[in-house]
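Reading through the structure tokens given below for one structure.
What you see below is based on every heavy atom in this structure, not just the backbone, and it leaves out hydrogens, waters and symmetry mates. These figures come from a predicted structure and were not determined experimentally. Chain letters run A, B, ... following the sequence lines, proteins first, then strands; residues in each count from 1.
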Amino acid sequence: MTSQSDTVADRIETARAEIAPTTALAIFGFGAAITFTLLVLQEPLAHESLHNFRHAAGIVCH
Amino acid sequence: MFFAYFKRGLLAGGVAGIAYGLFMATVANPLVGYLEHAQHGHSHAPEGGTVVAESTTALVSVGGGLLWALFLGGCFGIALYFLEPALPGRGAAKGFVLAASGFLTISVTPWLVLPPFAPGAEQALSTDIRFALYGGLVVLGGAIAATSVLAYNRIEPQSRGLAAVAGATPVVATVVVLPLVSPTLVTHPELSADLVVAYRAMVVLSQGSIWLLIAATFGWLQRRNLLESTTTKSPQPTS
């Protein structure tokens, strides 16, 4: 399984066979939820709580 | 195979997240708190009153740091699975190239126009515009990283040194030109310039360290996995 000679297209092909659409959706949804909570959410309570983190991580949406 | 990469990415993100969480708790939290108090009680809350207790902010920020690294690790694993064949280098080196590309895309390029800011900074633009600008700069960063990798791959068969120069050119050009052409959008009227520089260096180095740690841990896990699979296969020699 060293797979040094395959291409990006091969990887996409394999992934398509391997991952169920619902799983892909779940992974994507989870990622989107984290992004939204950490970076974009402006609701005062969440915003104030994550305040130090956003400053320290150099996040601008703030 | 996809899930092996994804799981390894999350594990690597977890390792980086623990380190970054510790950094948040011991360095970033106290520093941000200090800077806030040093500038007569800067707060985002209306009327100067804080909505949440400081200990809550500290705890949530540590958790946010952990989640952030975990998220980056997961994205790293997924991206590495798909892009591994196209990345230059061999073995773990591919991971480091991807980590550098990720850092360039989502952090460095946006920071060239919208640098990291300490509490109490004065912004020239509103949050919504900054968010859109940040998004645009992430796209630009991704394009630059892709250009670099493609340039390297194209020239690599002829000369490795020349390919490295060609790959580095777009990145260096961006880092030099972009801050020169962009206006100053963030100012710190109440902080000394030295302190702002130190603060920015801390942010850049800590974010860079997350990526480095993710790539290093991922490479280590991959090597260990490869070693395990070869040792379990060795009792029955093929051919």
Side-chain angles (χ1 to χ4, degrees), chain A, chain B residues 1-3 6 20 23-24 27-29 31-33 35-36 43-46 50-52 56-65 67-68 70-71 74-75 78 81-86 90 107 110-111 114-119 127-128 130-131 133-134 186 200 202-204 206-207 226 229:
Chain A
M1 283 278 267
T2 34
S3 58
Q4 285 291 345
S5 53
D6 61 356
T7 63
V8 175
D10 290 340
R11 291 284 173 105
I12 294 171
E13 203 67 31
T14 329
R16 212 176 255 169
E18 200 178 1
I19 317 163
T22 44
T23 319
L25 214 65
I27 293 173
F28 183 75
F30 200 62
I34 294 178
T35 318
F36 179 73
T37 316
L38 288 185
L39 309 187
V40 194
L41 194 60
Q42 296 292 328
E43 205 264 314
L45 208 63
H47 184 217
E48 193 78 1
S49 307
L50 281 162
H51 173 249
N52 289 6
F53 164 73
R54 285 186 183 173
H55 271 298
I59 290 163
V60 289
C61 328
H62 175 198
Chain B
M1 197 174 151
F2 170 83
F3 290 103
F6 185 47
Y20 190 62
F23 168 80
M24 275 298 309
V27 181
N29 265 336
L31 184 66
V32 171
L35 289 177
E36 224 157 53
S43 171
H44 290 283
T50 41
V51 184
V52 254
T56 314
T57 303
L59 206 67
V60 173
S61 288
V62 171
L67 202 62
W68 175 238
L70 210 59
F71 170 71
C75 291
I78 294 172
Y81 170 76
F82 287 114
L83 299 178
E84 203 176 26
R90 223 175 291 140
S107 290
W111 284 342
L114 295 163
F117 56 92
T127 307
D128 287 341
R130 262 182 286 146
F131 181 52
L133 189 59
Y134 195 96
V186 190
R200 286 189 178 148
M202 181 198 84
V203 173
V204 173
S206 61
Q207 290 298 306
L226 214 67
S229 59

Residues of residues 22-31 of chain A near chain B, each having a heavy atom less than 4.5 Å away
T23(A), I27(A), G31(A)
Can you give me the closest heavy-atom contact between A57(A) and V203(B), atom names plus distance?
C-CG1, 3.9 Å
Over all atoms of both residues, closest heavy-atom pair of A28(B) and A56(A)
CB-CB, 3.6 Å
What's the separation between atom [atom1] in [X] and atom [atom2] in [Y], rounded to the nearest 0.5 Å?
X: N52(A); Y: T57(B); atom1: CG; atom2: OG1; result: 6.0 Å
X: F82(B); Y: T14(A); atom1: CZ; atom2: OG1; result: 8.5 Å
X: T35(A); Y: L67(B); atom1: OG1; atom2: CG; result: 9.5 Å
X: F2(B); Y: R16(A); atom1: CZ; atom2: CZ; result: 13.5 Å
X: L50(A); Y: T56(B); atom1: CG; atom2: OG1; result: 11.5 Å

Partners passing ring pair (Phe, Tyr, Trp, His ring centres under 6.0 Å) against F23(B) (at least two apart in sequence or in another chain):
Y20(B)
Give, as side chain, backbone, both or neither, the part of I78(B) having an atom under 4.5 angstrom from any heavy atom of chain A.
side chain
Let me know if A118(B) has heavy atoms under 4.5 Å from chain A in its side chain, its backbone, both or neither.
backbone
With side chains defined as the heavy atoms from C-beta onward, is the minimum distance between [X] and [Y] less than 4.5 Å?
X: F53(A); Y: V60(B); result: no
X: V32(B); Y: H51(A); result: yes
X: F3(B); Y: I19(A); result: yes

Proximal component of I34(A), with respect to chain B [non-hydrogen, under 4.5 Å]:
side chain
